[in-house]
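Below is one structure, written out as structure tokens; comments come after it.
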There are 2 protein chains.
Amino acid sequence: MAQNSLIMEPGLVLKLEFLKILSGRENATIRDVASELGIDEFTVLNILEDLKKNYMLTYEKDKISWFHGDNPSKIKPWGWNYIYRPFIGSTMVSARYHSPWSLIVSEYQASGYGRHGKHWISNLGGLWMTAKIEVEPRTTQLLSMMIPIFICRFLREKFRLNIGIKWPNDIIYREKKLAGFLIEGELLGNRALVYIGIGINVNNDPPLETATGIKQILGKMIPRNSLLGYIAGYLTRVDDYSRDPGRVQAEYIDLLETIGRRVKAVTLSGEIIGIARSITESGELIVETTTGTYKLRSGEVLELRHLD
Amino acid sequence: MAQNSLIMEPGLVLKLEFLKILSGRENATIRDVASELGIDEFTVLNILEDLKKNYMLTYEKDKISWFHGDNPSKIKPWGWNYIYRPFIGSTMVSARYHSPWSLIVSEYQASGYGRHGKHWISNLGGLWMTAKIEVEPRTTQLLSMMIPIFICRFLREKFRLNIGIKWPNDIIYREKKLAGFLIEGELLGNRALVYIGIGINVNNDPPLETATGIKQILGKMIPRNSLLGYIAGYLTRVDDYSRDPGRVQAEYIDLLETIGRRVKAVTLSGEIIGIARSITESGELIVETTTGTYKLRSGEVLELRHLD
């Protein structure tokens, strides 16, 4: 979620340290946390109440537990070098220093970024990750379609959410941003190294008016690990899925809510207002305006709005 | 150091995480840190340069090392349950949840406090600790003299610093605060449980105009562990030292810079201005004013200033 300045929420560090304590053991008492954090038990209870808004935590008979399905330290996605760091600068930056097939997951990014270097707000309870993968070069052309497809597919099948894609990089629910992704990469001979950043508003509070989240839509929290495991599993098979580009494109267009809509695109060279007509094989958006037809590449569009 | 509001310095969390990485191993490369923190190598170098102002860090042949003598995770004071937590709410609060003879040391306290609950600024590079000890009840009466004595003694002997005590709880160098301490306790039958909070401006930048630090005085950093080890060792012997109260008192008075000075005391019931004449056996300050002589207990004095 775009934001210009970086302000640390007071108490955020205490919350992250609290989560670290809980992630490392089956359960902890209020006293355990008070002792380790150096805060009194009343403050521990206050922070716990706050954390319970964004994490599946239970507090019974003086034991605080973090539901395994929501605690990313409790999984180990198969085939991945899996790194869970509650606090991180940026999962995208960290991934640069890891081998392909590393998956970096964080609870909070101090300097997370999205497209065009915009600051990405990663607040507590969301799913913030970067997958570094090595794929066939032709797969890279389809990734910007495949990533939103499988996020949509999972959320539609599992929670019957009527979500769709807003070109180029947003997953939306009733015009509000539910998730976003970012793809960076480089060619290395006959292989491509690709960094896929994915941010999903799961149990976090949507950070902007124009955003929404799964918790907000369903009225309850969901365990993030199922989503994380699904994404990790899907990503190991992208080369296979890319063998049928026609099918990928068909499914993408089916989910794309931008086609047929009146849109305003803010590009590097100016604004364009017109009707989004279709998508090319390589993912460009065709926009018909009163002065002509434009073919927009994802990289040149700073912002796209649906006007109707 | 007293301050009202709590503001997290930007980048502070990154610095603390950086220190955690360094404390856990012999050395780390710039890449190691970049990878673990999720920040680029240029930013790692910038943070390192900043940290080098307050920590004894070296960077040679791409290896960053933290000098053992300055890295509190590298010592294990004998006879203590030693707890080093780079980030903590308050070492005083944490100590409540630990057994007697626990020593809690931190690099940064989010809600550190001093006398009368005033916020205590614990910035990077200082020595912030709480020792929870169990002593003979009569020892408690002498602790507020013994603690400043041994801090002064160490710094005088080791660094030839002409430092003294400003009644009741400050260690000063040329009228500027170099260290402070706080004693809390409770009687448990024939034993006393005492919490001794000690804060020393060592290699941190003095947080206020009225403060100074060892680095500032000497023009170089000193390894904190020698100071830490000295304090830990001294504290295990306070019952012994208290067998000769006359000697404790004599040494205290010798170091006390308040006697003979014109002082202003802000008390719970008003201000008193007069000449500090002497100290009683139980540590009260005798102040002679134009209207009479006052006996001030440490607990009722919010602030004391030397006026000449």
Checking A:Glu134 now: which residues fulfil side chain to side chain donor-acceptor pair (under 3.5 Å) with it, not counting sequence neighbours? none
Would B:Phe87 and A:Leu37 count as a side chain to side chain contact (heavy atoms under 4.5 Å, CB included) here? Give the steps. CA-CA 8 Å; B:Phe87 172 88; A:Leu37 294 187; 5.6 Å; no
I'd like to verify something: which residue of B:Gly89, B:Gly38, B:Ala34 has the highest number of heavy-atom pairs under 4.5 Å with chain A? B:Gly38
Answer key: most heavy-atom pairs under 4.5 Å with chain A among B:Met92, B:Arg96, B:Glu41 is B:Glu41
Give me the atom names and distance for the closest heavy-atom approach of A:Val93 to B:Asp40. CG1-N, 3.4 Å
Distance check, rounded to the nearest 0.5 Å: B:Leu16 atom CG versus A:Glu17 atom CD? 8.5 Å
Between A:Ser90 and chain B, which part of the residue has a heavy atom less than 4.5 Å away: side chain, backbone, both or neither? both
Only heavy atoms, only distances under 4.5 angstrom. Which residues in residues 97-107 of chain A are near chain B? A:Tyr97, A:His98
Residues, nucleotides or ligands: over 12 heavy atoms within 6.0 Å of A:Glu60 CD: no
Keeping B:Ser94 on the side-chain end and A:Ser35 on the backbone end, is there a donor-acceptor pair under 3.5 Å? yes
Relative to chain A, which segment of B:Arg85 carries a heavy atom at a distance below 4.5 Å: side chain, backbone, both, or neither? side chain
